[in-house]
Protein chains: 2
Amino acid sequence: MDDVAHAAGVSRGTVSRALNGGRNVSGAAQAAIDKAVRQTGYVVNPHARSLATQRAMSVAFVLSEPQDRLFEDPNFHLLLHGCTQALADNDVTVLLTLAGTSEERKRVSRFVTAGHADGVLLVSTHRGDPIVDELLAQDVPVVVCGRPLGHERDVSYVAADDRDGARQMVTYLRSQGYRRIGVVTGPPDTPGGVDRLAGYRDVLGDVPESLVVSGDYTQASGEAALHRLLAQASDVDAVFVASDLMAAGALAALRRTGRRVPEDVAVAGFDDSRIAAACHPPLTTIRQPWARISTEMARLLLRLVEGDENAAVILPTELVIRESA
Amino acid sequence: MDDVAHAAGVSRGTVSRALNGGRNVSGAAQAAIDKAVRQTGYVVNPHARSLATQRAMSVAFVLSEPQDRLFEDPNFHLLLHGCTQALADNDVTVLLTLAGTSEERKRVSRFVTAGHADGVLLVSTHRGDPIVDELLAQDVPVVVCGRPLGHERDVSYVAADDRDGARQMVTYLRSQGYRRIGVVTGPPDTPGGVDRLAGYRDVLGDVPESLVVSGDYTQASGEAALHRLLAQASDVDAVFVASDLMAAGALAALRRTGRRVPEDVAVAGFDDSRIAAACHPPLTTIRQPWARISTEMARLLLRLVEGDENAAVILPTELVIRESA
DNA sequence: CTGAAAGCGCTTACAG
DNA sequence: CTGAAAGCGCTTACAG
């Protein structure tokens with residue numbers, strides 16, 4: 001930086017100002033400095049800057065899932081890239097971190113509290129995940145992706161309106177004339193598990209328990225769930241499945257039992273993930289606004305780091321009609 | 001740190017020494033400092049430390065794959081976790097970074113050259129990936145996972161002995177009495193694509209071109225490749241497939257054409273990835289030593305950062321016999 | 001608009 | 001074995 005100041009014929013202070021937005025810098029000085037930077041190939045030392053500003057200029061994107069299951073989810077990539085992009089615009093780097101084991105969680109906590117990151121973008125789907133409490137206890141700015149069950153009041157989050165999405169879908173199924181509509185829910189300790197079932201009930205009211213089965217978001221669980229459903233309620237004419245991956249399993253189960261989709265049983269998914277359009281038949285589903293979710297998460301986290309209060313953002317979902325229902 | 005020094009009744013210099021290995025620190029001082037650290041809840045500021053030591057104490061784990069395909073590969077997780085673990089033992093943090101687009105590559109380069117990371121662990125499978133040159137041009141310490149085609153002499157790497165693995169497998173197939181052994185190769189611009197084919201040829205010599213087909217490591221490509229192979233050489237009695245995922249596709253193709261495995265056609269894979277044992281029938285395959293690969297990558301990178309010369313490490317593979325061949 | 005100076009929190013020869 | 005001091009490379013009131 002001294003070299004740059006020398007080459008530009010100004011002081012280091014002026015160079016620093018020019019580099020940081022250029023407030024209170026004359027056009028001539030700015031130009032000379034820009035040129036000097038180019039000539040010397042200067043690049044700021046982030047550690048020195050962080051030491052002076054008390055800001056790491058980076059945030060941790062923490063994936064708190066024991067099985068790394070989300071890694072295989074195309075939606076996860078959308079989210080990660082979206083956040084990276086949105087934060088890059090503010091010159092903050094996203095550091096991806098896996099925190100599946102309690103040891104890894106410790107490492108993440110230390111990492112952030114030591115000052116390596118200014119905040120955390122957290123993907124954690126299960127109620128009672130200890131990392132939420134750990135981070136909160138340390139006063140780390142954090143924004144969660146999806147409704148953080150049990151922590152709605154004390155942590156910021158961005159979520160799609162799962163409940164309304166489910167409502168839209170079930171309402172649509174009814175409008176198509178389906179009358180015995182079953183549901184395959186997600187795990188009851190995840191927001192997608194409870195909210196999508198709630199939306200289904202909002203529309204259908206008290207349904208017989210035989211119409212409700214649940215899975216764990218995997219394709220295999222969707223297939224198994226559908227076999228159970230058919231055994232309990234052989235006359236279902238439609239089924240709302242709480243994720244596209246499970247819906248793919250459901251399609252397989254129906255095919256195996258010789259039922260046509262949608263003629264014999266209609267199938268509706270949730271997510272509009274990459275596989276939705278590739279299914280046979282292509283899935284009618286609910287699109288989650290991943291791009292907006294990621295930009296909102298980034299925005300919220302930046303605000304929190306600046307000292308703003310917590311906030312929750314709920315984003316609308318959209319019905320996507322294809323051929324399965 | 002001043003607080004700690006105060007509480008322990010020593011100088012900051014002594015505290016620093018105690019924190020960094022305790023050389024030249026008396027037992028009494030060490031004890032007092034340990035206690036003070038605990039009482040005050042002190043944790044070092046990594047930026048200040050890095051500024052003073054000129055070391056980031058972190059390395060970037062860069063995934064240079066346009067499609068993020070490796071994310072879905074269970075082997076990738078083994079590798080990532082292995083490196084993280086090995087480096088954590090040396091107090092260095094692993095920063096996972098995606099560099100699929102040229103814009104993201106730029107970001108990674110800047111990130112590292114700015115001093116955020118001391119080096120990079122690079123997963124890049126395709127010949128001619130520009131990131132290798134970019135990193136090398138900046139004199140960044142880097143160790144590549146797998147043989148870096150065209151860069152064997154100027155960059156460090158750790159790889160499984162693909163060629164020998166292929167040799168072992170084909171030799172085994174011969175010993176089982178198979179005589180018309182086809183091969184499904186990987187893409188010719190990847191080390192797995194060229195080396196596994198080379199190993200196959202080492203054992204079989206000049207084979208008719210009709211016995212050689214290729215895929216792109218996806219399951220669908222393996223299925224398609226096998227259909228081509230059967231069309232060209234309907235009398236094959238065994239096929240060596242260059243990855244387990246493609247082998248799964250091959251099994252599907254054989255099933256579809258009514259051939260039994262291994263009675264009609266034997267199938268051998270490569271990788272021993274998670275799906276190998278789950279296939280029907282379970283795959284005979286070649287195990288890659290992922291745990292050792294990751295520890296060797298970590299070790300090599302640490303050495304490079306210390307100023308050591310480049311080095312290549314080739315690790316042996318192991319034949320795993322199951323039921324498909 | 002600009003420069004001199006203090007400060008961010010650590011490490012590490014150096015002298016003792 | 002220990003302390004005083006310089007230095008790592010930046011930012012930012014402050015005075016002009």
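In what follows, every chain begins at residue 1, and chains take the letters A, B, ... in the order their sequences are listed. Computed over heavy atoms, backbone and side chain alike; hydrogens, waters and symmetry mates excluded.
Listed by first and then second residue, the side chain to side chain donor-acceptor pair (under 3.5 Å) pairs involving residues 296-316 of chain B are B:Ser156-B:Asn310, B:Glu296-B:Arg299 (not counting sequence neighbours). The ring-ring contact (aromatic ring centres under 6.0 Å, His included) analysis of residues 83-123 of chain A, with sequence neighbours excluded, yields the pairs A:Phe111-A:His116. Screening residues 125-148 of chain B for salt bridge (charged side-chain N to carboxylate O under 4.0 Å, His left out) gives B:Arg105-B:Glu134, B:Arg147-B:Glu152, B:Arg147-B:Asp195 as the qualifying pairs, with residues at least two apart or on separate chains.
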Extract all donor-acceptor atom pairs below 3.5 Å that involve side chains of residues 41-49 of chain B and protein atoms in other chains or at least two apart in sequence.
from	atom 1	to	atom 2	distance (Å)
B:Asn45	OD1	B:His47	N	2.7
B:Asn45	OD1	B:Ala48	N	3.1
B:Arg49	NH2	B:Asn20	OD1	3.3

Would you tabulate the side-chain donor-acceptor contacts of residues 21-32 of chain A under 3.5 Å, counting partners in other chains and residues two or more places apart, or write 'none'?
from	atom 1	to	atom 2	distance (Å)
A:Ser26	OG	A:Ala29	N	3.2

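Here A:Asp154 pairs with A:Leu136, A:His151 under the side-chain contact (heavy atoms from CB on, under 4.5 Å) rule; sequence neighbours left out. Not counting sequence neighbours, A:Ala52 has no partner by the side-chain contact (heavy atoms from CB on, under 4.5 Å) test. Among residues two or more places apart in sequence or in another chain, the side-chain contact (heavy atoms from CB on, under 4.5 Å) test is passed with A:Ser11 by A:Thr14. Legend: residues meeting side-chain contact (heavy atoms from CB on, under 4.5 Å) with B:Gln85, ordered by chain and number and at least two apart, are A:Glu103, A:Arg107, B:Asp89.
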With the sugar-phosphate defined as primed atoms, P, OP1 and OP2, and the base as all remaining atoms, what B/S/- string results for nucleotides 9-16 of chain C, 5' to 3', for protein heavy atoms under 4.0 Å?
-> BBBBB---
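Taking the P atoms as reference points, C:dC10 lies 24 Å from C:dC14, given to the whole Å. Nucleotides D:dT12 and D:dG16, compared at atom C1', are 16 Å apart to the nearest Å.
Of all the residues in residues 23-41 of chain B, B:Asn24, B:Val25, B:Ser26, B:Ala29 reach under 4.0 Å from DNA chain D with at least one non-hydrogen atom.
A distance-only check finds a donor-acceptor pair linking the side chain of B:Ser294 to the backbone of B:Trp290 [under 3.5 Å].
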Intra- and interstrand pairs of DNA chain C - dot-bracket, Watson-Crick/G-U under 3.5 Å, | marks other strand | |||.||||||||.|||
